[in-house]
J.: 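Take a look at the following structure, please.
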Protein chains: 2
Amino acid sequence: MQPIMSKDVVERLSRYRSVLLRLKSLGFVRVFSDNLADALGVSASLVRKDLGLHGIHGVKRGGYNIETLVERLTEVLGVSGMLKIVVIGCGHIGSALLRTYGGKRYGINAVAGFDINAQIINPMAAIPILDVHELATYVATQAIDVAVLCVPEDAAATVMEQVRTSRIRGVLNFTAAHLRSDAHCLVQPLDIRMEIEKLFCLVEMSARRERAETAPEGRERGNDDR
Amino acid sequence: MQPIMSKDVVERLSRYRSVLLRLKSLGFVRVFSDNLADALGVSASLVRKDLGLHGIHGVKRGGYNIETLVERLTEVLGVSGMLKIVVIGCGHIGSALLRTYGGKRYGINAVAGFDINAQIINPMAAIPILDVHELATYVATQAIDVAVLCVPEDAAATVMEQVRTSRIRGVLNFTAAHLRSDAHCLVQPLDIRMEIEKLFCLVEMSARRERAETAPEGRERGNDDR
DNA sequence: TAGATTGTTAATCGATTAACAATC
DNA sequence: TAGATTGTTAATCGATTAACAATC
């Protein structure tokens with residue numbers, strides 16, 4: 001009933017769901033595989049396969065009911081209810097995430113921050129900021145499964161050791177450090193610097209391609225790119 | 001000489017480079033395809049192919065020279081020098097990015113922020129925060145190619161229209177809005193909420209799998225997951 | 001020389017799409 | 001009914017890996 005999903009499939013199901021929530025809020029009731037395919041830039045076959053493989057079926061000629069489709073996707077993805085997270089490292093990015101997701105918005109609830117800087121530790125705040133040493137205890141009592149890691153790169157490995165001894169099962173790693181997943185804890189990298197770099201690279205490449213297309217067909221140095 | 005790269009290839013080349021910079025800083029001089037393969041979790045064949053396809057060659061038995069490898073990758077990726085960006089939308093996340101990347105750290109230089117809120121506009125600050133209406137003029141005179149979009153989701157489409165009329169060629173989209181790339185401007189999504197959601201989903205799935213493995217072999221409801 | 005690593009081809013693998021019968 | 005859309009199979013495509021000759 002629950003086939004093992006690749007990251008790509010999780011990504012697509014999550015995007016289907018996001019698109020469907022929008023359609024629903026616009027008052028739409030039904031959707032066709034074609035519509036979802038257009039929205040994601042994939043083929044309609046793939047949409048139907050993605051859904052069918054998870055036991056989600058439409059009706060021939062009538063498409064899919066958005067309401068039930070969202071329900072089923074939420075179930076399959078396991079993202080019903082508030083997703084509770086803690087933020088480890090309350091610097092610029094960490095604090096921003098606490099403020100953004102501290103308000104139970106977007107289905108996510110950042111319930112606490114952790115840091116080593118005594119100056120910013122404040123257990124009495126609406127969203128408490130605690131000492132990292134209390135992490136294991138806190139996540140155990142509060143049943144937290146997922147943490148967002150925003151500490152300085154140098155500190156990442158050490159902090160990650162502490163995370164591994166806790167009940168945390170998933171880490172979104174905002175640091176540039178290479179942290180490995182293990183059987184107990186899944187680490188997902190999200191390196192903003194690298195994303196910016198990749199973007200520059202893709203932009204530069206598309207510029208090169210344009211130049212190549214605009215340029216006359218004549219052979220030039222290094223034109224043997226085949 | 002410059003084959004068209006898929007996003008996956010760009011991602012890998014960028015990661016090779018990042019790993020190599022670390023090795024270099026540790027005093028390493030040579031690296032084998034095996035090493036890079038281990039670091040990224042791919043095969044050594046793929047590493048050699050990735051490099052070879054871009055005219056980067058090692059020596060049999062001697063591996064690759066890290067120094068020249070980094071140079072060549074930097075060149076191929078087009079990420080030499082400071083990468084100048086502007087940040088559009090200076091809320092929690094936007095401000096955090098300005099502060100993090102405003103200091104020419106990490107090879108990235110956030111040179112200005114843009115917002116519509118008159119209260120936070122401050123053209124005299126070290127990193128000026130300007131009115132969004134000045135965006136086109138600013139990026140034209142300062143030769144900015146890439147922007148990071150951190151406005152509220154509702155505002156994203158409108159702001160993106162303004163971005164499209166500017167010289168901006170690449171946008172890192174932190175909003176949840178679905179913004180399309182076009183021939184002129186490449187939009188790269190980075191939806192933190194969705195990343196957190198995906199992480200929860202992957203964690204949940206790995207938990208399910210464990211339960212399935214631990215559980216006795218006996219047939220149960222929904223055990224026909226094949 | 002013997003051993004190790006690259007460069008490159010052929011094989012494999014998985015993901016995606018095309019196509020079409022089933023059917024609403 | 002005719003037309004449209006699903007569900008599903010077979011075909012395609014691209015990416016990755018295995019394997020090995022070349023060679024340092």
Side-chain angles (χ1 to χ4, degrees), chain A residues 1 3-16 19-20 23 28-70 72-73 76 198 202 205 224-226, chain B residues 1 3-16 19-20 23 28-70 72-73 76 198 202 205 224-226:
Chain A
M1 192 97 267
I4 290 166
M5 281 186 262
S6 73
K7 275 185 192 173
D8 284 358
V9 174
V10 172
E11 165 99 35
R12 281 202 302 275
L13 295 186
S14 190
R15 290 182 64 195
Y16 296 146
V19 169
L20 289 164
L23 289 178
F28 283 76
V29 174
R30 296 186 309 164
V31 69
F32 300 127
S33 55
D34 268 341
N35 305 136
L36 288 172
D38 290 343
L40 269 77
V42 297
S43 73
S45 308
L46 185 56
V47 174
R48 296 197 295 273
K49 179 161 281 188
D50 279 340
L51 299 177
L53 245 35
H54 293 89
I56 305 176
H57 297 279
V59 312
K60 287 181 211 287
R61 186 70 226 270
Y64 300 80
N65 178 278
I66 292 179
E67 182 83 28
T68 57
L69 194 40
V70 169
R72 295 288 290 111
L73 281 174
V76 167
K198 279 188 338 198
L202 292 167
M205 282 194 340
D224 52 332
D225 49 344
R226 178 152 315 270
Chain B
M1 192 94 267
I4 289 166
M5 281 185 263
S6 74
K7 276 186 192 173
D8 283 358
V9 175
V10 171
E11 165 99 33
R12 282 202 301 275
L13 295 187
S14 189
R15 290 182 63 194
Y16 295 146
V19 169
L20 289 165
L23 288 179
F28 283 75
V29 174
R30 294 187 310 163
V31 70
F32 300 128
S33 55
D34 269 340
N35 304 138
L36 288 172
D38 289 344
L40 269 75
V42 297
S43 72
S45 308
L46 186 57
V47 174
R48 296 197 294 273
K49 178 160 283 188
D50 279 341
L51 298 178
L53 246 34
H54 293 88
I56 304 176
H57 297 280
V59 311
K60 287 181 211 289
R61 184 71 224 272
Y64 300 81
N65 178 279
I66 292 179
E67 181 84 31
T68 58
L69 195 41
V70 169
R72 296 287 290 112
L73 282 173
V76 168
K198 281 188 335 196
L202 292 168
M205 283 196 337
D224 52 334
D225 48 345
R226 175 155 316 270

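Keep in mind that this is a model prediction, so the values were computed, not measured. The sequence lines fix the lettering, A, B, ..., with proteins before strands; numbering per chain opens at 1.
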J.: Within the structure, does a side-chain N or O atom of R48(A) lie under 4.0 Å from either OP1 or OP2 of dG7(D)?
T.: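 No.
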J.: How many Å lie between CZ on R30(B) and C1' on dT5(C), as a whole number?
T.: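 So the two atoms are 10 Å apart, to the nearest Å.
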J.: Find out whether V31(B) and L20(B) are in side-chain contact, i.e. whether some heavy atom of one side chain is under 4.5 Å from a heavy atom of the other.
T.: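 Yes, their side chains come closer than 4.5 Å.
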J.: Rounded to whole angstroms, how far apart are CG on L36(B) and P on dT6(C)?
T.: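 Distance check: L36(B) CG to dT6(C) P gives 9 Å.
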J.: I'd like to know if the side chain of R30(A) and the backbone of I66(A) have a donor-acceptor N/O pair within less than 3.5 Å.
T.: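 Not confirmed, R30(A) side chain does not pair with I66(A) backbone.
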J.: Is there a side-chain contact between L51(B) and H57(B), using heavy atoms and a 4.5 Å cut-off?
T.: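 Contact flag for L51(B)/H57(B) side chains = no.
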J.: Holding to side chain to side chain donor-acceptor pair (under 3.5 Å), I want the full list of residues that pass it with E67(A), two or more places apart in sequence or in another chain.
T.: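 Residues passing side chain to side chain donor-acceptor pair (under 3.5 Å) with E67(A): none at all.
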J.: Which residues satisfy the salt bridge (charged side-chain N to carboxylate O under 4.0 Å, His left out) test with K49(A), sequence neighbours excluded?
T.: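 By the salt bridge (charged side-chain N to carboxylate O under 4.0 Å, His left out) rule, K49(A) matches no residue at all.
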J.: State which residues pass side-chain contact (heavy atoms from CB on, under 4.5 Å) with A39(B); sequence neighbours excluded, sorted by chain then number.
T.: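 Applying side-chain contact (heavy atoms from CB on, under 4.5 Å) to A39(B) gives V19(B).
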J.: I'd like to check the side chain to side chain donor-acceptor pair (under 3.5 Å) partners of Y16(A); sequence neighbours left out, ordered by chain and number.
T.: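 Y16(A) satisfies side chain to side chain donor-acceptor pair (under 3.5 Å) with D50(A) once adjacent residues are dropped.
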J.: Measure all distances between protein nitrogen or oxygen atoms and nitrogen or oxygen atoms of nucleotides 21-23 of chain D, and list the pairs falling under 3.5 Å.
T.:
none

J.: Could you tell me how far apart F32(B) (CZ) and dG3(C) (P) are, to the nearest whole angstrom?
T.: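 My rounded result for the distance is 17 Å.
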J.: Determine whether V9(B) and H54(B) make a side-chain contact, defined as any pair of heavy atoms from C-beta on separated by less than 4.5 Å.
T.: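 Yes; the side chains approach each other to less than 4.5 Å.
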J.: Only counting residues at least two apart or in another chain, list the ones meeting side chain to side chain donor-acceptor pair (under 3.5 Å) with N35(A).
T.: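 Not a single residue meets the side chain to side chain donor-acceptor pair (under 3.5 Å) criterion with N35(A).
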J.: With DNA chain C as reference, determine whether A44(B) or S45(A) sits nearer its 5' end, using the nearest nucleotide of each.
T.: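 Nearest nucleotide further toward 5': that of A44(B).
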J.: Within the 4.0 Å heavy-atom criterion, would you say G63(A) contacts the bases, only the backbone, or no part of the nucleic acid?
T.: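 Sugar-phosphate contact only.
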J.: Would you sketch DNA chain C in dot-bracket for me? Only Watson-Crick or G-U wobble pairs with both distances under 3.5 Å count, crossing pairs as [ ], other-strand pairs as |, the rest as dots.
T.: ..||||||||||||||||||||||
J.: Sequence neighbours left out, what passes side-chain contact (heavy atoms from CB on, under 4.5 Å) with K7(B)? Give chain and number order.
T.: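 So K7(B) forms a side-chain contact (heavy atoms from CB on, under 4.5 Å) with L202(A), Q188(B).
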J.: Using salt bridge (charged side-chain N to carboxylate O under 4.0 Å, His left out) as the criterion, list what pairs up with R15(B), not counting sequence neighbours.
T.: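 By the salt bridge (charged side-chain N to carboxylate O under 4.0 Å, His left out) rule, R15(B) matches no residue at all.
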J.: Report, as a single string ordered 5' to 3', how protein heavy atoms within less than 4.0 Å touch nucleotides 10-16 of chain D: B base, S sugar-phosphate only, - not at all.
T.: B-----S
J.: Between dT6(C) and H57(B), is there an OP1 or OP2 to side-chain N/O distance shorter than 4.0 Å?
T.: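 Indeed not, no polar side-chain atom of H57(B) lies that close.
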J.: Could you state the atom-to-atom distance from CG of N65(A) to P of dT5(D) in whole Å?
T.: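 Computing the N65(A):CG to dT5(D):P distance gives 16 Å.
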J.: For N35(A) and dA4(D), what is the distance between atoms CG and P respectively, to the nearest whole Å?
T.: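 Rounded to whole Å, this separation is 15 Å.
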J.: Please list, chain by chain and in numerical order, all residues satisfying side-chain contact (heavy atoms from CB on, under 4.5 Å) with T68(A), sequence neighbours excluded.
T.: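 Counting only residues at least two positions away or on another chain, T68(A) forms a side-chain contact (heavy atoms from CB on, under 4.5 Å) with N65(A).
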J.: Atom OH of Y64(A) to atom C1' of dA4(D): distance rounded to whole Å?
T.: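 That distance rounds to 14 Å.
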J.: Within this structure, what is the CD1-to-C1' distance between I56(B) and dT8(C), rounded to whole angstrom?
T.: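 About 17 Å, once rounded to whole Å.
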J.: Can you check the L53(A) CG to dG7(D) C1' distance for me, whole Å?
T.: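 Computing the L53(A):CG to dG7(D):C1' distance gives 11 Å.
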